[in-house]
Amino acid sequence: MKKTFRILFLCVATAILASCGTTSTVPITGRKQTLMVSDEQVLSLSNQQYKEYMKTAKASANATNTAMVKRVGQNLATAVVKYLNANGLGAEVSQYQWEFNLVQDQQVNAFCMPGGKIVVYEGLLPVTQNEASLAIVLGHEIAHAVAKHSAERLSNEYKNQYGTQILGAVLQGAGIGQGTQQLIALGTSLGGQLWTSGFSRKQESEADHMGLVFAAMAGYDPQVAVAFWQRMAAQGTGSSSLFSDHPSDATRIKDIQKWLPEALKYYTPPVVATKTATTTKKTTKKTTKKTTKKK
């Protein structure tokens, strides 16, 4: 009876753990997510990590490229804030303190911290090649912040940690042998790794989707994304590994092509000013001077 009561108690604890947290909806995609950590907790942690990173990072010495990163980034941030305000998400805006930095690092990469702290490595620019492609990357990074992917990952780690502890107590309480417990724990760990990895790929894919739309909102042609990711694929940075955190290049490009019609609804091509040729007819008046010859 005592053992049965303990198992029942732990099962109830597991159910309570699963029901904890707040449910929110990711903009653009509409996906539901459960968060067990607050924005304040995540921002406090990320700001600390960001400051530590920037102490060791070397800012790019290329003023032109630095200005480009900041300009494109701010254009995207302005469009995203406008979208959030227009869609009843104005309360989310206050948590963003946008920063866009270009650092001396030859990795073909960029990253975003919660709260809008974005870092681009110089090694990425030869692959982006133009501002529109850079906007695709920055849109992707901004999407991670807007979708609260960091808070979601922390929440999942929290649930996995306590879920594993509860499961171990349940198995022990049920009188299952130590060897069997270890085997089940190993299987659970592997399953958790697969699930976590798959979820991370889901987040990366979601950021691709949202970033494509954000770039279009900011006035950058989302169609350049296909060529950009093809160039990325040529760099050999993609991976189709089962445990990869990113979608394979082929999957990524296929998905982007699928999302392009939606993104193009938000895209307004820039108006190119054309000069109207005005023909001015000048009338030349010839004054005939009569020369009076003196006789």
Side-chain angles (χ1 to χ4, degrees), residues 24-33 67-100 110-118 120 124-125 127-150 152 201-232 246-247 249 251-274:
S24 61
T25 303
V26 179
I28 305 295
T29 67
R31 182 176 64 84
K32 301 293 182 181
Q33 59 183 179
M68 176 181 65
V69 167
K70 292 182 181 297
R71 179 175 62 254
V72 175
Q74 192 54 57
N75 288 342
L76 281 156
T78 300
V80 169
V81 168
K82 181 179 179 180
Y83 170 81
L84 294 175
N85 283 326
N87 287 272
L89 298 170
E92 304 289 329
V93 173
S94 61
Q95 69 176 282
Y96 300 114
Q97 294 181 348
W98 304 102
E99 284 187 30
F100 301 92
F111 69 83
C112 175
M113 300 291 284
K117 304 293 190 294
I118 294 175
V120 176
L124 181 68
L125 298 186
V127 185
T128 55
Q129 297 183 1
N130 53 66
E131 291 195 16
S133 294
L134 177 61
I136 297 298
V137 176
L138 294 181
H140 172 99
E141 299 303 334
I142 287 174
H144 279 308
V146 173
K148 300 184 179 181
H149 285 162
S150 293
E152 196 169 23
R201 287 197 296 271
K202 182 188 294 184
Q203 287 181 322
E204 290 295 336
S205 182
E206 185 169 63
D208 282 344
H209 183 178
M210 295 171 66
L212 202 66
V213 173
F214 289 160
M217 287 179 179
Y220 298 100
D221 187 355
Q223 296 175 101
V224 304
V226 174
F228 165 70
W229 283 112
Q230 287 172 340
R231 292 195 296 272
M232 284 290 284
H246 291 70
D249 294 316
T251 299
R252 190 165 230 159
I253 292 170
K254 182 178 179 181
D255 286 341
I256 286 172
Q257 290 172 327
K258 178 180 66 177
W259 296 321
L260 271 176
E262 175 190 359
L264 285 169
K265 293 178 182 178
Y266 294 89
Y267 175 58
T268 302
V271 178
V272 180
T274 56

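Only a predicted model underlies this, so the values are computations on that prediction, with no experimental measurement involved. Counting begins at 1 with the first residue of the sequence.
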Quick one: are [X] and [Y] in side-chain contact, heavy atoms under 4.5 Å?
X: Leu125; Y: Met68; result: yes
X: Val146; Y: Val80; result: yes
X: Val226; Y: Leu260; result: yes
X: Phe214; Y: Ile28; result: yes
X: Glu262; Y: Leu212; result: no
X: Met210; Y: His144; result: no

| field | Exam field: side chain Arg252 to backbone Ser205, donor-acceptor pair closer than 3.5 Å | value |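 It does not hold such a pair.
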| request: Taking Lys117 for its side chain and Phe111 for its backbone only, find out whether a donor-acceptor pair lies under 3.5 Å. | output: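 Checked: no pair found.
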| Can you say whether the rings of Tyr83 and Tyr266 are parallel (under 30°), tilted (30 to 60°) or perpendicular (over 60°)? |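 Perpendicular, since the angle between the ring planes exceeds 60°.
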| query | Do the rings of Phe100 and Trp98 sit parallel, tilted or perpendicular, given the 30° and 60° boundaries? | reply |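 Rings of Phe100 and Trp98: parallel, under 30°.
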| request: Check step by step if side-chain hydrogen bond (donor to acceptor under 3.5 Å, both in side chains) holds for Gln33 and His149. | output: CA-CA 9 Å; Gln33 59 183 179; His149 285 162; 5.6 Å; no
Between [X] and [Y], which heavy-atom pair has the shortest distance, and what is it?
X: Leu76; Y: Gly139; value: CD1-N, 3.8 Å
X: Leu89; Y: Pro27; value: CD1-CG, 3.8 Å
X: Asn85; Y: Gly90; value: OD1-CA, 3.3 Å
X: Val69; Y: Leu138; value: O-CD1, 3.9 Å
X: Cys112; Y: Ala145; value: SG-CB, 3.7 Å
X: Ser133; Y: Phe228; value: OG-CB, 3.9 Å

| request: Start with the C-alpha gap between Thr251 and Arg201, add the side-chain angles, then the distance that decides, and say whether side chain to side chain contact (heavy atoms under 4.5 Å, CB included) holds. | output: CA-CA 11 Å; Thr251 299; Arg201 287 197 296 271; over 6 Å; no
| task | Under the side chain to side chain contact (heavy atoms under 4.5 Å, CB included) rule, what do Lys82 and Met217 come out as? Steps first, then yes or no, please. | result | CA-CA 10 Å; Lys82 181 179 179 180; Met217 287 179 179; over 6 Å; no
| message | Under 4.0 Å between a side-chain nitrogen and a carboxylate oxygen: does that hold for Asp255 and Lys258? | response |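 Salt bridge present between Asp255 and Lys258.
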| query | Taking 4.0 angstrom as the limit, do Glu152 and Arg31 come out as a salt bridge? | reply |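 Arg31 and Glu152: salt-bridged.
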For the atom pair [atom1] ([X]) and [atom2] ([Y]), what is the distance rounded to the nearest 0.5 Å?
X: His209; Y: His140; atom1: NE2; atom2: NE2; result: 13.5 Å
X: Tyr220; Y: Asn75; atom1: OH; atom2: CG; result: 4.0 Å
X: Leu124; Y: Leu134; atom1: CG; atom2: CG; result: 7.0 Å
X: Gln257; Y: Gln223; atom1: CD; atom2: CD; result: 11.0 Å

| task | Decide yes or no on side chain to side chain contact (heavy atoms under 4.5 Å, CB included) for Glu92 and Lys148, but give the supporting numbers first. | result | CA-CA 10 Å; Glu92 304 289 329; Lys148 300 184 179 181; 3.0 Å; yes
| message | Test side chain to side chain contact (heavy atoms under 4.5 Å, CB included) on Leu264 and Asp221; report intermediate values, then the result. | response | CA-CA 8 Å; Leu264 285 169; Asp221 187 355; 4.3 Å; yes
